Amino acid sequence: MNFKRIFKSGLEKFIREKGSSSAALVVMMAVAGTVLFLYMLQGVSSFSIAQLQDSVDISAYFVEDASEEDISALQDKLLALPEVASAQYITQDQALEQFKADHENDPVILESLEIIGKNPLLASLNIKASDPLQYQNIANFLEQGNYPFIQTVDYKDRAPVIDRLLNLISGFRVAVIAFMIGLALLATLVAFNTTRLAIYNAKEEIEVMKLVGASNEFVRGPFLVQGAIVGVVASFFVFISAIPLFWILSPKLELFLSGFSIFGYFLSHFFWIFLLQTAVGVLLGVLSSMIAIRKYLKV
Amino acid sequence: MIHFQKIGKAYGTENIVLRDVSFEVEEGEFVSLVGKSGAGKTTLLRLFLAEEFPSHGSILFQQRNVHEIPESKLHEHRRKIGVVFQDYKLLPFKTAEENISYVMEILGANEQDIARDVKDVLDIVGLSDRALHFPYQLSGGEKQRVAIARALIHRPQVIVADEPTGNLDPYNTKDIIRLLLKINELGTTTILATHNKEVVNQIEKRVLTLEGGTIIRDQEKGRFVM
């Protein structure tokens, strides 16, 4: 019964106290917007990191008389390793075709190929690691295993590029995480201070409630409910506004993030985004009200 | 019913507000606390409501020292008291009716009882037609009548009124005092703090005169003498 009254009272506060509700709503919308932004940023950064990781690989080149069976057996062994994400077999012919396609505008090179008169390229396994840190291990596996049909592994040539990439990825990750933490802290502080100000303005009201005999729970309750309602409404507004925003921005952003549709990402994650926004909004609204009201309850 | 025993209150070492104030209030009594501004009337009432702690001495209400009540139980003490303030202290975003019913809601009364009692007290204070008005839509006298209705609705054992006529014109002052007397006649112990000479003289009940933090006069059917 009391919970119903507390809820009703909190709802009334939200509707009637337009000034403080609007201020809290604006701030909480900024917080919900920040949550949404951080979620999308996490998606974009994961995609970018995956793309960077995907841009490197190592190859094992085989001697000319290597048998298909040996190569196929090695490919199976590699794919069984947890460090290996993919191992694509490229035959001599496929390598030549690719080479020609890559150099179709370079007549000197194409002419040189004809002069040689035979396919100078080797068959290879193009290997991508599940984590760039694992390339060294994969190269060791290939070089130290007893595979006489392997002519060369190009890890040493690629190592500087892979190292630079690893540094870039880890720097990017740290920057993104630091930015996310900073922004989340800022949003929390702003939300907390707005709530504190709103409750400071209501301190006389709180005093009256206490003096007419209200228990702490009965005084605190409506403020917490109001905070929770602000969180839900702010989350809803931000979510609704995000739909047209991402729909408009998505094609433009795809120019920079080829293959990543921000609208598609938003739609495929909309449930989690809404849940996270609402949970953060409600939690922040309730917690900041709970903390801010404490000192005024001592009447 | 209420025993003020050697109550002293000082803020710091210089500002002594009350000095060894002792008196008793019997059940059903109407007591006027009079004195100039700063005499300590409001401080005495705040101490009784356990809003503040005395520097020394004690206040016993129904044999219980009010300052030994744990903070978590203070609301139970305050529910036995109805409070009326000079500046009304109505909840600004609740209607007159809701301000009054709030006290019953915190007591856990059911909706039918609340509706019936709120209607009754609104009739008593003559505000039935203003039930749905917010405080900012009411005059000073009307606000004070709402405050009295709020103080009265849960049938408290004591009504404490701190300068209830301080912001009112003579017509409304008379009205409010008449209401407080009516409530007292129905058996509710009433403590009125005021510096309004005419009010006290009109009441003709017990008068305690405070000066410089001590009681200098305690008269049955007293008059305001300064």
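What you are looking at is a predicted structure, and each value in this text was computed from that prediction instead of being measured. Every chain is numbered from 1, with letters handed out A, B, ... down the list of sequences.
A salt bridge links A/Arg5 with B/Glu111: the distance from a Lys NZ or Arg NE/NH1/NH2 to an Asp or Glu carboxylate oxygen falls below 4.0 Å.
In this structure, no portion of B/Asn99 lies under 4.5 Å from any heavy atom of chain A. For chain B, no part of A/Lys13 is nearby; none of its heavy atoms comes within less than 4.5 Å. Looking at A/Val212, the atoms closer than 4.5 Å to chain B (heavy atoms on both sides) sit in the backbone and in the side chain alike. Interface residue B/Leu74: only side-chain heavy atoms are found under 4.5 Å from chain A. The contact between B/Pro92 and chain A is made entirely by side chain atoms (from C-beta outward), counting heavy-atom distances below 4.5 Å. Within the 4.5 angstrom heavy-atom criterion, no atom of A/Glu217 approaches chain B.
Applying the 6.0 Å contact sphere to CZ of A/Phe47 captures more than 12 heavy atoms from other residues, nucleotides or ligands. Within a 6.0 Å radius of CZ in A/Phe172, more than 12 heavy atoms belonging to other residues, nucleotides or ligands are found. The local environment of CD in B/Glu27 is sparse, with at most 12 non-hydrogen atoms from other residues, nucleotides or ligands closer than 6.0 Å. Other residues, nucleotides and ligands place more than 12 heavy atoms under 6.0 Å from the NZ atom of B/Lys80.
Annotation: residues 234-261 of chain A contacts chain B through no residue [non-hydrogen atoms, separation under 4.5 Å]. Residues of residues 195-206 of chain A having a heavy atom under 4.5 Å from any heavy atom of chain B, listed by number: A/Glu204, A/Glu205.
Taking 4.5 Å as the limit, every side-chain heavy atom of A/Lys210 sits out of range of all side-chain heavy atoms of B/Glu51.
Closest approach of A/Leu211 and B/Val83 over heavy atoms only: O-CG2, 3.8 Å. A pairwise comparison of heavy atoms in B/Lys94 and A/Glu12 identifies NZ-OE1, 3.6 Å as the closest pair. Closest non-hydrogen pair, A/Met209 versus B/Tyr102, comes out as CG-OH, 3.3 Å.
With chain A as partner, the option from B/Glu98, B/Arg150, B/His154 having the largest number of non-hydrogen pairs under 4.5 angstrom is B/Glu98.
Atom-to-atom distance recorded for A/Ser20:OG and B/Phe93:CZ is 6.5 Å, nearest 0.5 angstrom.
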| said: Could you go through A/Arg16 and B/Phe134, starting from their C-alpha distance and side-chain angles, then the distance that decides it, and tell me whether this counts as side-chain contact (heavy atoms from CB on, under 4.5 Å)? | reply: CA-CA 11 Å; A/Arg16 291 180 184 173; B/Phe134 286 94; 3.7 Å; yes
